Amino acid sequence: MPNHEVDFYRDTWVRYLGYANEVGESFRAMVPVQVVRASYALATAYVLADTVDKGWKMFKKDGRPKNVLIETGDALIWQTLASVVIPGYAINRICHHSQIYFKRNYCRIPVTARNLMTVGVGLISIPFIVHPIDNGVTLLMNLTYRRWVKSSP
């Protein structure tokens, strides 16, 4: 069995920092928009930290600017899509449509309770979207960016 190096940013608990914005989106109905924006700032900081880490490792391993840029670009695109853009949009839409559903079908329940139900739906959804999104973004990257940079001179 090959020896697999543990990636601090993708194989440990630190990966969940990339999902801070999904937690923020889940609470959007109950917290000020600044809290949601702060959750995106935390997720973006995680993305940038992983990007710098991947670029630095490639710099130490190879040192050629082209390869460092390719590796850095790969990490930045993958993390932006898999950690911020796609899951943030998915949870936002799940919560939005849950809120509409609860308002239409449970109008006798107080607004605060319906908002709490929406938060619950959002939070419960996060574990179910993580791996499919990560795998989908990896497939997308393999079919596009990674193929393009591999074939470039």
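The structure displayed is predicted, hence computed values, not measured ones.
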Interatomic distance, CG@Asn115 vs NZ@Lys103, rounded to 0.5 Å, equals 10.5 Å
If you link I, L, V, M, F, W and Y whenever their side-chain heavy atoms are under 4.5 Å apart, who else ends up in the same group as Leu139? Leu143
Min side-chain heavy-atom separation Val84-Gln79 under 4.5 Å: no
Check side-chain hydrogen bond (donor to acceptor under 3.5 Å, both in side chains) between Thr144 and all other residues, then give those that pass, not counting sequence neighbours. none
Arg146 side, atom CZ; Thr138 side, atom OG1 - distance, nearest 0.5 Å: 5.5 Å
From Asp7 atom CG to Lys57 atom NZ, the distance as rounded to the nearest 0.5 Å: 5.5 Å
Within a 6.0 Å radius of atom CZ on Phe8, are there more than 12 heavy atoms belonging to other residues, nucleotides or ligands? yes
Report yes if the side chains of Thr118 and Val121 come closer than 4.5 Å at any heavy-atom pair, otherwise no. no
Kindly work out whether a path of hydrophobic side-chain contacts (I/L/V/M/F/W/Y, heavy atoms less than 4.5 Å apart) joins Val14 to Tyr19. yes
Is the closest side-chain heavy-atom distance between Pro87 and Ile129 below 4.5 Å? yes
Give the minimum heavy-atom separation between Ala43 and Asn21, together with the two atoms involved. CB-OD1, 3.5 Å
Tell me whether Val33 is reachable from Val23 by hopping between hydrophobic residues (I, L, V, M, F, W, Y) whose side-chain heavy atoms are closer than 4.5 Å. no
Intermediate values then yes/no, salt bridge (charged side-chain N to carboxylate O under 4.0 Å, His left out), Asp134 and Arg10: CA-CA 10 Å; Asp134 284 359; Arg10 296 188 191 184; over 6 Å; no
For Trp148 together with Tyr145, are the ring centres under 6.0 Å from each other? no
Ile94, Ile100: one ILVMFWY side-chain cluster at the under-4.5 Å cut-off? no
Of all heavy-atom pairs between Ile109 and Met117, which one has the smallest distance, and what is that distance? CD1-SD, 4.3 Å
Flag if over 12 foreign heavy atoms under 6.0 Å of CZ, Arg93: yes
Using every non-hydrogen atom in the two residues, find where Ser26 and Ile126 come nearest and quote the distance to one decimal. OG-CD1, 4.1 Å
Intermediate values then yes/no, salt bridge (charged side-chain N to carboxylate O under 4.0 Å, His left out), Arg15 and Asp11: CA-CA 7 Å; Arg15 176 72 179 101; Asp11 300 331; over 6 Å; no
Consider only side-chain heavy atoms of I, L, V, M, F, W and Y, link residues closer than 4.5 Å, and tell whether Tyr40 and Leu48 are in one cluster. yes
Closest approach of Phe102 to Arg114 (non-hydrogen atoms, all atoms of both residues): O-CD, 3.4 Å
Verify same cluster id: Leu76, Met141 (apolar side-chain graph, 4.5 Å): yes
